[in-house]
Amino acid sequence: MSNQPGSSTAEEPDQPVETDPAAAPEPADEALQVPEALPAPEALPAPGGAIVRAPGAVVLAVLAVGWLAAMLWSTRAAITSAQAGVTAISLSAFALPGVISAALVAGAAAALAAANLLARRGVDRATLRFVVATGAGLLVGLAAAVVINLTYFDNATTNVIAGTAAAAATIGGAVAGAGNARVAGAVVTAALGALVFVVAFSRARDPLFDLFGAGGTQESLVTAAKWVSRTESLLAGLVAGLLAFAYLTWARRRAQRRDPAAGDVRWPGYLLAGAGPGLLLLLAEVVIRVGGRSLLDLAGALSEADSVAQTSLGTSRVDNGIWVLFVGALTALIAFGRTLGPSPDDAAEDDGAEAVEASADR
């Protein structure tokens, strides 16, 4: 039957067209053919499959808990050596910031050690790691609270110090379990170094007061105290930034020795690690003002001088935390930037420019 013009079969032939076998398409080259079976995706090696851990976490935990014990012992010695009553309350309020900062760092260090135990067992679930880290911080806080209640005077002041220290250690564990393990390890290292430096710096305060012109007038004493505090904060931030950079550098080299394909912390990690000690100091101040509010109010109500002193110390602690934050972040970032070399594109352009200059000289 002939096809009608315009119909859907108008272009179809009446008889089947015989194809020439010689005109059949040749099979594709064997080298270009797709293999019959591909390896399953799960059989392929996962890049950077190792779970990231914080190196030296156990040593950090031992040092941080030891520092907390030293702070508790010195606070107890100061309180028990004073006469009961007004002096003991005032000394407790002055010693509270040191205990809270040490508890915060100790809880974070213990959390890193607990998270490393999970990593060694191959567990990489973020929720479980956070719960275990928080629990480790809580254990450190409860241990500190028990020690305080057993060795200090049994009164309302002791209960405030114990409860606030327990809360600070728990918060420190939660903070350490929520972030990158290496960055958290750098923050704990830098914060612990900054706390130790501040205590050691106290021996140089009297010579610095004389250097900054402290005299017999109240104005000269206030000015000298302000400059001494800024010097302390500046140096503490410098120490914190250098320690954070040193820890991350050591962690990177240690990881690459074990696995050359291991990833590195990028520059925001160095920035956060350098700023971390200052952030912990500011967080400790929040814990002090919330958990230890009753003790600070009680100490400030003793006299007008005590009230002015507590207000001045609180402002000084906030300023110190801000200085350590910015100086530490800037120091760590500058130290990291000095380790960077030119990019491959820039190196290629430099080589090309040198080649052109050499040919022009010929």
Side-chain angles (χ1 to χ4, degrees), residues 67-106 141 144-169 195-206 208-209 214 216-226 228-230 232-233 236 281-321:
W67 181 255
L68 174 60
M71 289 292 100
L72 294 177
W73 178 83
S74 63
T75 301
R76 176 186 176 278
I79 294 175
T80 55
S81 63
Q83 297 179 355
V86 175
T87 307
I89 293 174
S90 180
L91 288 177
S92 299
F94 285 130
L96 182 64
V99 173
I100 299 308
S101 300
L104 195 65
V105 175
V146 170
V147 170
I148 292 172
N149 283 321
L150 291 179
T151 58
Y152 286 30
F153 292 125
D154 188 12
N155 51 32
T157 299
T158 299
N159 294 332
V160 171
I161 298 176
T164 311
L195 293 178
V196 174
F197 170 81
V198 169
V199 174
F201 184 82
S202 61
R203 297 181 177 273
R205 284 175 182 164
D206 290 339
L208 285 178
F209 265 98
T217 62
Q218 186 70 22
E219 183 179 358
S220 64
L221 290 175
V222 172
T223 303
K226 183 183 299 184
V228 169
S229 177
R230 289 179 179 176
E232 176 184 332
S233 301
L281 290 176
L282 294 176
L283 180 59
E285 184 62 23
V286 174
V287 176
I288 292 168
R289 298 196 178 194
V290 174
R293 186 67 185 178
S294 59
L295 177 57
L296 297 180
D297 291 343
L298 186 60
L302 296 176
S303 65
E304 184 178 354
D306 286 309
S307 177
V308 173
Q310 290 299 327
T311 302
S312 177
L313 288 174
T315 304
S316 178
R317 290 193 299 266
V318 173
D319 292 341
N320 177 64

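We number each residue from 1, following the sequence as shown.
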Check: Is any side-chain heavy atom of V228 less than 4.5 Å from a side-chain heavy atom of F201?
Finding: yes

Next item on the list: Could you pull out all residues at least two apart from F94 that satisfy ring-ring contact (aromatic ring centres under 6.0 Å, His included)?
Entry: none

Notebook entry, point to check: Do W73 and T151 pass the side chain to side chain contact (heavy atoms under 4.5 Å, CB included) test, and can you show the C-alpha distance, the side-chain angles, and the key distance before you say yes or no?
Noted result: CA-CA 9 Å; W73 178 83; T151 58; over 6 Å; no

Checklist line | Minimum-distance pair of heavy atoms, taken over all atoms of S233 and N320 | finding: OG-OD1, 2.7 Å

Check: Nearest heavy-atom pair of I148 and A162: which atoms, and what distance?
Finding: CD1-CA, 3.8 Å

Note to self: Checking A102 now: which residues fulfil side chain to side chain contact (heavy atoms under 4.5 Å, CB included) with it, not counting sequence neighbours?
What the structure shows: W67, L68, M71

Checklist line | With sequence neighbours excluded, residues passing side chain to side chain contact (heavy atoms under 4.5 Å, CB included) with S312 | finding: none

Checklist line | S90 side chain reached by D306 side chain, heavy atoms, under 4.5 Å | finding: yes

Item checked: side chain to side chain contact (heavy atoms under 4.5 Å, CB included) partners for A93, two or more places apart -> L295, L296, A299, Q310

Check: Shortest non-hydrogen contact from V160 to S294?
Finding: CG2-OG, 3.4 Å

Next item on the list: Grab the two heavy atoms, one from A103 and one from A168, that are nearest each other, plus how far apart they are.
Entry: CB-CB, 4.1 Å

Checklist line | Minimum-distance pair of heavy atoms, taken over all atoms of P97 and I288 | finding: CA-CD1, 3.4 Å

Note to self: According to salt bridge (Lys or Arg N to Asp or Glu O under 4.0 Å), who are the partners of D297, at least two apart in sequence or on a separate chain?
What the structure shows: R293

Next item on the list: Determine the sole option in I161, L91, T75 for which the side-chain contact (heavy atoms from CB on, under 4.5 Å) test with L96 is passed.
Entry: I161

Notebook entry, point to check: Does the side chain of L104 reach to within under 4.5 Å of the side chain of I100, using non-hydrogen atoms?
Noted result: no

Check: Would you find a donor on one side and an acceptor on the other, under 3.5 Å apart, between the side chain of S229 and the backbone of K226?
Finding: no

Notebook entry, point to check: With sequence neighbours excluded, what pairs up with R205 under the side chain to side chain donor-acceptor pair (under 3.5 Å) test?
Noted result: E232

Notebook entry, point to check: Which pair of non-hydrogen atoms, one from R289 and one from T315, has the smallest distance, and what is that distance?
Noted result: NH2-N, 4.0 Å

